[in-house]
Amino acid sequence: MNTIKYLGLLLTLVALTSCEKYLDVEPRASISDDQPIFDKASAETALRGVYSALSDGGYYGTSFQSIGYLSGDNIQWTGSQSQVQEFINHKVNADNSTINAAWIAIYRTINRANNVIKRVGALEEGKLSTALQNGIVGEAYFIRALAYFDLARTWGGVPLITEPSLSQKDNIGVPRSSLTETYNQVISDLDKAEALLPPTTDRHRATQKTVWALKSRYYLYQKNWVKAEEYATKVIDDTNYKLLKPYNAFFANDARGTQESVFEIFYSTTETNSHRGQWQPQERGGTRQWAPSDAFVALVNDPLIGGNRNVLVAKDNQNRWYGNLYYRNPATDPSYIIRISELYLIRAEARAQQGGAKIGGALSELNAVRDRAGLANTTAATQEEVLLAIEAERRIEFAFEPHRWFDLVRTGRAAAVLHVTDPNRLVLPLPAEQLLIDKALVQNDGY
């Protein structure tokens, strides 16, 4: 019964060495959700467990991310798992193993964050410095906010669990909250994180700047263009972040933690990123079950559209195209959660949506991303043209990152672009296994 939506209580506790250094550089480690927290070392260990859950193969390791790009139009399926084709066909069934894995992994992350928020926040005076205590709790709030944001944009309103779960039965019977209530939880957690975290720069751990970046994305989804622009500007104006030239500078030659990155997940030779195996061809030890679609290959190799972003694809020894964002051996590729190019394109979209005098600013941001890709300025001029140009730019810029599907859903463009005419298919079904476990859960309409 380790598949219920909230718990991961049976994970093995692994011995850790060099705890403080490990937390600073590599915020990952396997740890159980009910680990006691009573001092500085145990608090930091518990926080590592939250990051470990975030990086799990079911969450940003592979499964959740794959929902975002397999459901778009950049990827084709070449393998033997028919459930992958369900995303490409936009006919995902409730018994799909990927959505179940993602649901479990996200709620496991939430439960670990809840454990840190409650227990580290309640530590008596003297156990931790105020700054360290605030920082640890703030990071947990940020990760919980990200988790509920990802649940909301994938499934709609979900059960809101804000207390640690210590048994498999703790949260059975909690009904789904509305989509509005779920997003309210996100911004509440982000506000708390912003107040607690320092304004430092860290590309592998949450800081106040990381909160600003996620707030900008949050407000974009809420169509609050003014706030989306405001928070994007906070990050863009920080000289610690910049668009690197050429495009592949943020990932090529084993690069990690570059100025391009606002927040990425660190993987090591002992805890690898399972993305690589899905993308790389057999000659490189992968399965190439996911491959760039013919349409995407044509776009990214067009020098007037892809520019120098054609490094995202390569050919194997059978003359077949494969995706090359995740390529390292062993698979220590980071998972990119927020890059500075996203903030540029958020600000571009937010300004374009405001129209009028803001159109010029929108073009400036869009052209900054195009310039980094080796492209000339866009010829778009009207509000409608600029918004479509931003959409097209996001398609190439984040081709193998989890944006395309969610972008087309939030902008109302999924029907026109992907021919998804059934509005019920704009959210995924709740996993059938979770409905069997918890009778309080109600399936999304149309499933």
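Throughout, residue positions are numbered sequentially from 1 according to the sequence presented.
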Taking the side chain as every heavy atom from C-beta outward, state whether Leu388 and Arg413 have any pair of such atoms under 4.5 Å apart.
yes
Using a 6.0 Å cut-off, check whether atom NZ of Lys223 has over 12 heavy atoms from anything other than its own residue.
yes
Within the side chain of Asn444, is there an N or O that forms a donor-acceptor pair under 3.5 Å with the backbone of Leu428?
yes
Interatomic distance, Leu146 atom CG to Leu54 atom CG [nearest 0.5 angstrom]
6.0 Å
Thr207 and Pro198: which non-hydrogen atoms are nearest, and at how many Å?
CB-O, 3.6 Å
For residues Phe149 and Phe406, establish whether the separation of their ring centroids is below 6.0 Å.
no
Looking just at side-chain N and O atoms, do Gln282 and Thr287 make a donor-acceptor pair shorter than 3.5 Å?
no
Check Asp371 with Lys245, please: is the shortest side-chain N to carboxylate O separation under 4.0 Å?
yes
Salt-bridge criterion met for Asp202 and Lys209 (N-O under 4.0 Å)
no
Can you confirm whether the side chains of Tyr59 and Asp150 place a donor and an acceptor under 3.5 Å from each other?
yes
Between Trp155 and Ala102 the two heavy atoms that sit nearest each other are CH2-CB, 4.1 Å
Mind checking the CD1-CD spacing from Ile99 to Glu433? Nearest 0.5 Å is all I need.
10.5 Å
Could you tell me whether the side chain of Gln76 and the main chain of Pro292 form a donor-acceptor pair under 3.5 Å?
yes
How long is the span from the OG1 atom in Thr411 to the CD atom in Glu391, to the nearest 0.5 Å?
5.5 Å
For the backbone of Val158 and the side chain of Thr182, can you confirm whether one donor and one acceptor N or O come within less than 3.5 Å of each other?
yes
Test: Glu397 and Arg394 ion pair at under 4.0 Å:
no
Heavy-atom side-chain proximity of Thr154 to Val427 below 4.5 angstrom:
no
Are Glu264 and Arg256 within salt-bridge range, i.e. N to O under 4.0 Å?
no
Would you please name every residue forming a side chain to side chain contact (heavy atoms under 4.5 Å, CB included) with Asn329, sequence neighbours left out?
Arg276
Could you give the distance from CG (Leu244) to OG1 (Thr258), rounded to the nearest 0.5 Å?
4.5 Å
Looking just at side-chain N and O atoms, do Gln83 and Asp95 make a donor-acceptor pair shorter than 3.5 Å?
no
I'd like to know if Glu229 and Lys358 make a salt bridge, using a cut-off of under 4.0 Å between side-chain N and carboxylate O.
yes
Are a donor atom and an acceptor atom from the side chains of Ser293 and Asn74 found within less than 3.5 Å of each other?
no
Glu230 side chain to Val226 main-chain N or O, any donor-acceptor pair under 3.5 Å?
no
Look only at the side chain of Asn114 and the backbone of Ile161, and say whether a donor-acceptor pair between them is shorter than 3.5 Å.
yes
Any donor and acceptor pair, going by atom type alone, linking the side chain of Glu349 with main-chain N or O of Ile390 inside 3.5 Å?
no
Say whether Glu194 and Tyr141, considering side chains only, have a donor N or O and an acceptor N or O under 3.5 Å apart.
no
Are Asp237 and Lys234 close enough for a salt bridge, meaning some N to O gap below 4.0 Å?
no
Does Trp279 form a ring pair (Phe, Tyr, Trp, His ring centres under 6.0 Å) with Phe400? I'd like the steps, not just the answer.
CA-CA 10 Å; Trp279 289 102; Phe400 304 147; 4.6 Å; yes
Do Arg288 and Gln278 have side chains that approach each other closer than 4.5 Å (heavy atoms only, starting at C-beta)?
no
Return yes if a side-chain donor-acceptor contact under 3.5 Å exists between Ser274 and Thr62, otherwise no.
yes
Aromatic centroids of Tyr221 and Tyr183 separated by under 6.0 Å
no
When the ring planes of Phe398 and His403 are compared, do they come out parallel, tilted or perpendicular, using 30° and 60° as the limits?
tilted
Determine whether a donor-acceptor pair (N or O, by modelled atom type, separation under 3.5 Å) exists between the side chain of Asn89 and the backbone of Lys91.
no
Can you tell if the side chain of Phe296 reaches within under 4.5 Å of the side chain of Val313, non-hydrogen atoms only?
yes
Measure from the side-chain N and O atoms of Asn224 to the backbone N and O of Lys227, and report whether any donor-acceptor pair falls under 3.5 Å.
yes
Distance-only polar pair, side chains of Thr378 and Asn367, donor-acceptor under 3.5 Å
no
Regarding Arg370 and Glu365, does a basic nitrogen lie under 4.0 Å from an acidic carboxylate oxygen?
no
With a 3.5 Å cut-off and no angle check, do the side chains of Thr180 and Ser178 form a donor-acceptor pair?
no
Can you tell me if Ser341 and Arg339 form a side-chain donor-acceptor pair at under 3.5 Å?
yes
Can you classify the ring geometry of Trp405 versus His90 as parallel (below 30°), tilted (30 to 60°) or perpendicular (above 60°)?
parallel
Do Leu366 and Leu345 come close enough that some side-chain heavy atom pair is under 4.5 Å?
yes
I'd like to know if the side chain of Gln354 reaches the main chain of Ala350, judged simply by a donor and an acceptor atom lying under 3.5 Å from each other, with no hydrogens or angles considered.
yes
Hey, can you tell me if Phe250 and Tyr336 have their rings parallel, tilted or perpendicular (30° and 60° cut-offs)?
perpendicular
Between Gln434 and Asp438, a side-chain donor and acceptor under 3.5 Å:
no
So how far is it from Trp103 CH2 to Phe64 CZ, rounded to the nearest 0.5 Å?
12.5 Å
Shortest non-hydrogen contact from Arg309 to Val369?
NH1-CG1, 4.3 Å
Geometric class of the His275/Tyr326 ring pair [parallel <30°, tilted 30-60°, perpendicular >60°]:
parallel
Please report the shortest heavy-atom distance between Asn308 and Pro246, naming the atom on each side.
ND2-CB, 3.8 Å
Taking Asn273 for the side chain and Tyr267 for the main chain, is one N or O donor matched with an acceptor at less than 3.5 Å?
no
State, with a plain yes or no, whether a side-chain heavy atom of Leu408 is found less than 4.5 Å away from one of Leu418.
yes
Would Thr109 and Arg112 count as having a side-chain donor-acceptor pair, cut-off 3.5 Å?
no
Between the CG atom in Leu190 and the OG1 atom in Thr210, the distance rounded to the nearest 0.5 Å is 10.5 Å
Report yes if the side chains of Phe263 and Arg205 come closer than 4.5 Å at any heavy-atom pair, otherwise no.
no
Asp316: what forms a salt bridge (Lys or Arg N to Asp or Glu O under 4.0 Å) with it, not counting sequence neighbours?
Arg320
Are Asn115 and Asn111 side-chain neighbours, meaning at least one heavy-atom pair lies under 4.5 Å?
no
Report the residue from Arg372, Arg203, Lys242 that forms a salt bridge (charged side-chain N to carboxylate O under 4.0 Å, His left out) with Glu260.
Arg372
Of all residues at least two apart in sequence or in a different chain, which pass the side chain to side chain donor-acceptor pair (under 3.5 Å) check with Asn240?
Thr201, Asp238
